[in-house]
There are 2 protein chains.
Amino acid sequence: MDELIQIMVVDDHHIVRQGLVALIGTLPDMKVVAQASDGSEAVDLYRVHRPDITLMDLRLPKQNGVEAITHIREEFPSARIIVLTTFDGDEDIYRALQAGAKGYLLKGMNADELTDAIRTVHGGKSRIPAVVAERLAERMGGPSLTGRELDVLKRIVGGRSNKEIASDLFISEATVKTHINSILSKLGVNDRTQAATTALQRGIVHLD
Amino acid sequence: MDELIQIMVVDDHHIVRQGLVALIGTLPDMKVVAQASDGSEAVDLYRVHRPDITLMDLRLPKQNGVEAITHIREEFPSARIIVLTTFDGDEDIYRALQAGAKGYLLKGMNADELTDAIRTVHGGKSRIPAVVAERLAERMGGPSLTGRELDVLKRIVGGRSNKEIASDLFISEATVKTHINSILSKLGVNDRTQAATTALQRGIVHLD
DNA sequence: AGAATACTCCACCAAAAGGTTGAGGCCCTA
DNA sequence: TAGGGCCTCAACCTTTTGGTGGAGTATTCT
């Protein structure tokens, strides 16, 4: 190991950054060269430091993790980014992987898992747990919501009635019902309340 | 400062513990004497180490934070516990404060806020943000759900219909409707979907 | 004992939501 | 250009949900 692996840490929680820095500080072959606390800062600092590896939380202010990953990889297609997340089963994980993330870690991981992932991804390989890979495949095959259906679903979660959704989106209530029908069947649920909770559970929409 | 403030850190995320330890390690007047990753371990380690201050996450495996706080303060009424949480507006915060927590911090805090809180609580005072104190007062005054209403609300969040809830709880559908009526008015919402999402938002129930 | 609270249930009604079928317009791609 | 996906809308029907008012029982607190 001649050269240290240069790492950027992106997380809005000071403590988590501190933890990652502390953890990485104990390792001989890597070091943290930059820290960002939101998505825009992450993009800016990436340009400046060009880290070998970026550890990125998905829930961020200003610009979320997926957007940040997208922007970074537009400019630097070779960027190696590992997603860090608190929540298992979050839809955003899949979006992040599609946006070009090369690894995925839960915050509950231990030090070995972290360093493994960093070294693996730095070596040019991917580090995605089998379970996630499976679900990613499933998801690809599975039905995905259209843009309009997402609009409606978000408002269902927001507690809006069909009539309100109709006027929100400038469409008729009949159309709203049509969309809801396909949402329910695509999500495999029976009513709007189930749609709301499974959408939250799968991370398709967030409460923020 | 003759004696170091002895601190126990309780969090299931290794990284967060590491971050807290690292942060506290830079301070001259305090040190971490124990770390626990779940509620039961926290209770056990409290008995052994009797820390001056306990920093406790609320979402924990085995025994959640509120339970752990309750148990610790049953045995050691003078225990000084500061709640650490990721989520603002979580109902559990209020439960934790009622269970005897003396302070409350979001994980997004900075180092100064943390040390402030630790020193304040160690000095025997409380450290609860004005906003939270207000809402705590509101909550006390505000209507609270009865046990049965909670049973029903949980099932609403679970996506069950009135009929299903009735058979779940061995009561008639009419009774379910009665409960739902008071749930809706107590939560100040118009329908079950709103009830579900605001219950989740306020942390009255969780998806887990 | 009386009041308050929680839990149970009924009836009736109105509104909202969900299921089904069919159909026209738009845009993109094979 | 023909099909496919998406968005739009309509009519019709059934089921579910929510609103209102009343009522009986058990328990607990005063």
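Only a predicted model underlies this, so the values are computations on that prediction, with no experimental measurement involved. Just so it is clear: chains get the letters A, B, ... in the order the sequence lines come, proteins before strands, and each one is counted from 1.
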Walking along DNA chain C from 5' to 3', note the first and the last nucleotide with an atom under 4.0 Å from a heavy atom of chain B, and give both. C:dA6 to C:dC10

Identify the residue among B:V43, B:L60, B:L58, B:D38 that makes a side-chain contact (heavy atoms from CB on, under 4.5 Å) with B:V10. B:L60

Atom pairs under 3.5 Å: protein N/O with N/O of nucleotides 4-7 of chain D:
| from | atom 1 | to | atom 2 | distance (Å) |
| --- | --- | --- | --- | --- |
| D:dC7 | OP1 | A:R148 | N | 3.1 |
| D:dC7 | OP2 | A:T146 | OG1 | 2.5 |

Compare every heavy atom of B:V157 with every heavy atom of B:A199, then report the nearest pair and how far apart it is. CB-CG2, 4.4 Å

Sequence neighbours excluded, the answer for salt bridge (charged side-chain N to carboxylate O under 4.0 Å, His left out) partners of A:D151 is A:R148

Partners of A:K107 by salt bridge (charged side-chain N to carboxylate O under 4.0 Å, His left out), sequence neighbours excluded? A:D11, A:D57

Kindly indicate whether the side chain of A:H13, heavy atoms from C-beta on, has any atom under 4.5 Å from the side chain of A:Q18. no

Residue set satisfying salt bridge (charged side-chain N to carboxylate O under 4.0 Å, His left out) with A:R155, at least two apart, ordered chain then number -> A:D168

Between the two end axes of the helix from C:dA1-D:dT30 to C:dA30-D:dT1, each built from 5 base pairs, what angle do you get to the nearest 10°? 40°

For residues 176-203 of chain B, the ring pair (Phe, Tyr, Trp, His ring centres under 6.0 Å) pairs (sequence neighbours left out) are none

For a quick test of your reading: what N or O donor-acceptor pairs under 3.5 Å do the side chains of residues 69-76 of chain A make, sequence neighbours left out?
| from | atom 1 | to | atom 2 | distance (Å) |
| --- | --- | --- | --- | --- |
| A:T70 | OG1 | A:V66 | O | 2.7 |
| A:H71 | ND1 | A:Q63 | NE2 | 2.7 |
| A:H71 | ND1 | A:E67 | O | 3.3 |
| A:R73 | NH1 | A:P77 | O | 3.3 |
| A:R73 | NH1 | A:A79 | O | 2.8 |
| A:R73 | NH1 | A:G100 | O | 3.4 |
| A:R73 | NH2 | A:P77 | O | 3.3 |
| A:E75 | OE1 | A:R47 | NE | 3.0 |
| A:E75 | OE2 | A:R47 | NE | 2.8 |
| A:E75 | OE2 | A:R47 | NH2 | 2.7 |

Partners of A:D52 by salt bridge (charged side-chain N to carboxylate O under 4.0 Å, His left out), sequence neighbours excluded? none

Can you tell me which residue pairs pass the salt bridge (charged side-chain N to carboxylate O under 4.0 Å, His left out) test with a partner in residues 184-196 of chain A, sequence neighbours excluded? A:E149-A:K186

Would you give a per-nucleotide map of nucleotides 12-27 of chain D, 5' to 3', where B means the base has a protein non-hydrogen atom under 4.0 Å away, S means only the sugar-phosphate does, and - means neither? ----SBBBB-------

With sequence neighbours left out, write down each residue that passes side-chain contact (heavy atoms from CB on, under 4.5 Å) with A:R80, or none if nothing qualifies. A:I53, A:V121

Is it the case that the side chain of A:E113 and the backbone of A:M109 share a donor-acceptor pair, with hydrogens and angles ignored and the cut-off at 3.5 Å? no

